[in-house]
Amino acid sequence: PRWEVTQPDYEADLVLEDFYPMTAFFSLHPDSTRSWGDEQMSLDGFASAHFEASSRVTGNIRVGDREYSVNGLGHRDHSFGYRHWGSIRGHRAFVGTFGPDLSFSAAVWHTADDQYRGYGFMHRDGHEHWAEDVEIIVWMDADGLSHRGGELVLHLTSGEVVRFTGRTVDQMMFHHREYTGGESIIDVTCGDRVGGMADLEVSNNPRGGTLLNSLSVGATMERGLADHRVGVTRFTAM
């Protein structure tokens, strides 16, 4: 795929080359014809046709008067159908890559009908490895949404346990209907391996509220270009 974006203060022309075929993120196991999302009443139809892959990203980006040449790692997804955002009470999604020989996707969910599940997979040296259990621990800020990073632990069906640890580089708030999440890019290590990148997405909505978050300790909340700054930022409605 090729992504082209043109805005007055931002332009991008990026080409993505996947390291492995797009994989169904909600699958219960390899070759599953139904996903975990389909099995849950509250998630019936919530992005059940959802696929992910890690990629090499190349191209050019202009932000304001600064221009960048890109040759790095990325992770992308694509899904189909209507999303019932109010079905989510809390989740963590930890997805990323070190390159063509090691990539991973994992998530844990708490739904409106009190279902809870962790699931995920790893691509390593050209082979899929599926998890029978997943732990995602987030180093949360006091606002209950932005964070400093976290850990992903994959308990594979083979009995192997693989741990990924990452620290936040930068993050932003994403609000859509009943859902608000903190979306971040993080630097990742896995054992002695360094140089990985990941996306760590976090939401907390235990009471099903629909109000916009008004304060963030570590995430950008403005629309358009904003300087990254450490400290509290507040949302101003537009």
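If you read the sequence from its start, that first residue is 1, and numbering goes on from there. Values below: every heavy atom of this structure, side chains too, minus hydrogens, waters and symmetry copies.
Residues R56 and L73 are in side-chain contact: their nearest non-hydrogen atoms beyond the backbone lie under 4.5 Å apart. Residues V70 and N60 fail the side-chain proximity criterion, which asks for heavy atoms closer than 4.5 Å. Annotation: side chain of R92 is not in contact with side chain of V134 (no heavy-atom distance under 4.5 Å). Residues M122 and F164 form a side-chain contact, since some pair of their non-hydrogen atoms from C-beta on lies under 4.5 Å apart. A heavy-atom distance below 4.5 Å is found between the side chains of F121 and T23. You'll find the side chain of L102 reaches within 4.5 Å of the side chain of R193, heavy atoms only. Side chains of M22 and R76 form a contact here, defined as non-hydrogen atoms less than 4.5 Å apart. Side-chain contact check for D170 versus T168: every heavy-atom pair is 4.5 Å or farther apart.
Annotation for T97 and F104: closest pair N-CE2, 3.9 Å, computed over non-hydrogen atoms. In plain terms, the two heavy atoms of C190 and V162 that are nearest each other are SG-CG1, 3.8 Å. Contact record, S203 with L145: CA-CD1, 4.1 Å, taken as the closest heavy-atom pair. In this structure, V153 and V161 approach most closely via the heavy-atom pair CG1-CG1, 3.5 Å. For the pair V108 and G118, the tightest heavy-atom approach, listed with the atom from each and the gap, is CG1-CA, 3.6 Å. Minimum interatomic distance between F19 and S103 (heavy atoms only, all atoms of both residues): CD1-OG, 4.1 Å.
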Does F51 form a side chain to side chain contact (heavy atoms under 4.5 Å, CB included) with D77? I'd like the steps, not just the answer. CA-CA 5 Å; F51 302 88; D77 63 56; over 6 Å; no
side-chain hydrogen bond (donor to acceptor under 3.5 Å, both in side chains) for N71 and T58? Distances and angles first, verdict last. CA-CA 4 Å; N71 183 0; T58 57; over 6 Å; no
If you apply the rule side chain to side chain contact (heavy atoms under 4.5 Å, CB included), what do you find for T111 with R89, and how did you get there? CA-CA 5 Å; T111 66; R89 289 294 176 264; over 6 Å; no
Step by step, would you call F94 with D199 a side chain to side chain contact (heavy atoms under 4.5 Å, CB included)? CA-CA 6 Å; F94 200 132; D199 179 282; over 6 Å; no
Please test V15 against V57 for side chain to side chain contact (heavy atoms under 4.5 Å, CB included), starting from the C-alpha separation and ending with a verdict. CA-CA 6 Å; V15 175; V57 184; over 6 Å; no
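For W139 and H147, the distance between ring centers is not under 6.0 angstrom. H123 has its ring centre less than 6.0 Å from the ring centre of Y20.
Note that OH of Y116 and NE2 of H110 are 9.5 Å apart. Values are rounded to the nearest 0.5 Å. Taking CG from D65 and CG from D9, the interatomic distance works out to 11.0 Å, rounded to the nearest 0.5 Å. One distance of note links CG of L200 with CZ of R148; it measures 13.5 Å at 0.5 Å rounding. To the nearest 0.5 Å, atoms CH2 (W109) and CZ (R117) are separated by 13.0 Å. With rounding to the nearest 0.5 angstrom, the CD1 atom of I136 is 8.5 Å from the CG atom of L154.
Side chain to side chain, S54 and H75 meet the donor-acceptor criterion of an N or O pair below 3.5 Å. In this model, a donor atom of one side chain and an acceptor atom of the other lie less than 3.5 Å apart for E52 and S105. Checked by atom type, the side-chain pair E132/W130 shows no donor-acceptor distance below 3.5 Å. In the model, E160 has no side-chain atom that pairs as donor or acceptor with a side-chain atom of H129 under 3.5 Å. In this structure, a donor-acceptor pair under 3.5 Å is present between the side chains of S146 and D141.
W3 and Y68 fall within a single hydrophobic cluster, where Ile, Leu, Val, Met, Phe, Trp and Tyr are joined by side-chain heavy atoms under 4.5 Å apart, directly or via other members. Both L14 and V5 sit in one connected hydrophobic cluster of ILVMFWY residues. Membership requires side-chain heavy atoms under 4.5 Å apart, directly or through other members. Hydrophobic clustering keeps M172 apart from M197 (ILVMFWY residues linked when any side-chain heavy atoms are closer than 4.5 Å, directly or through intermediates). Hydrophobic clustering (side-chain heavy atoms under 4.5 Å, transitive across Ile, Leu, Val, Met, Phe, Trp, Tyr) keeps V188 apart from I137.
Atom CZ of R62 is surrounded by more than 12 heavy atoms from other residues, nucleotides or ligands within 6.0 Å.
At least one donor-acceptor pair closer than 3.5 Å links the side chain of N204 to the backbone N or O of G144.
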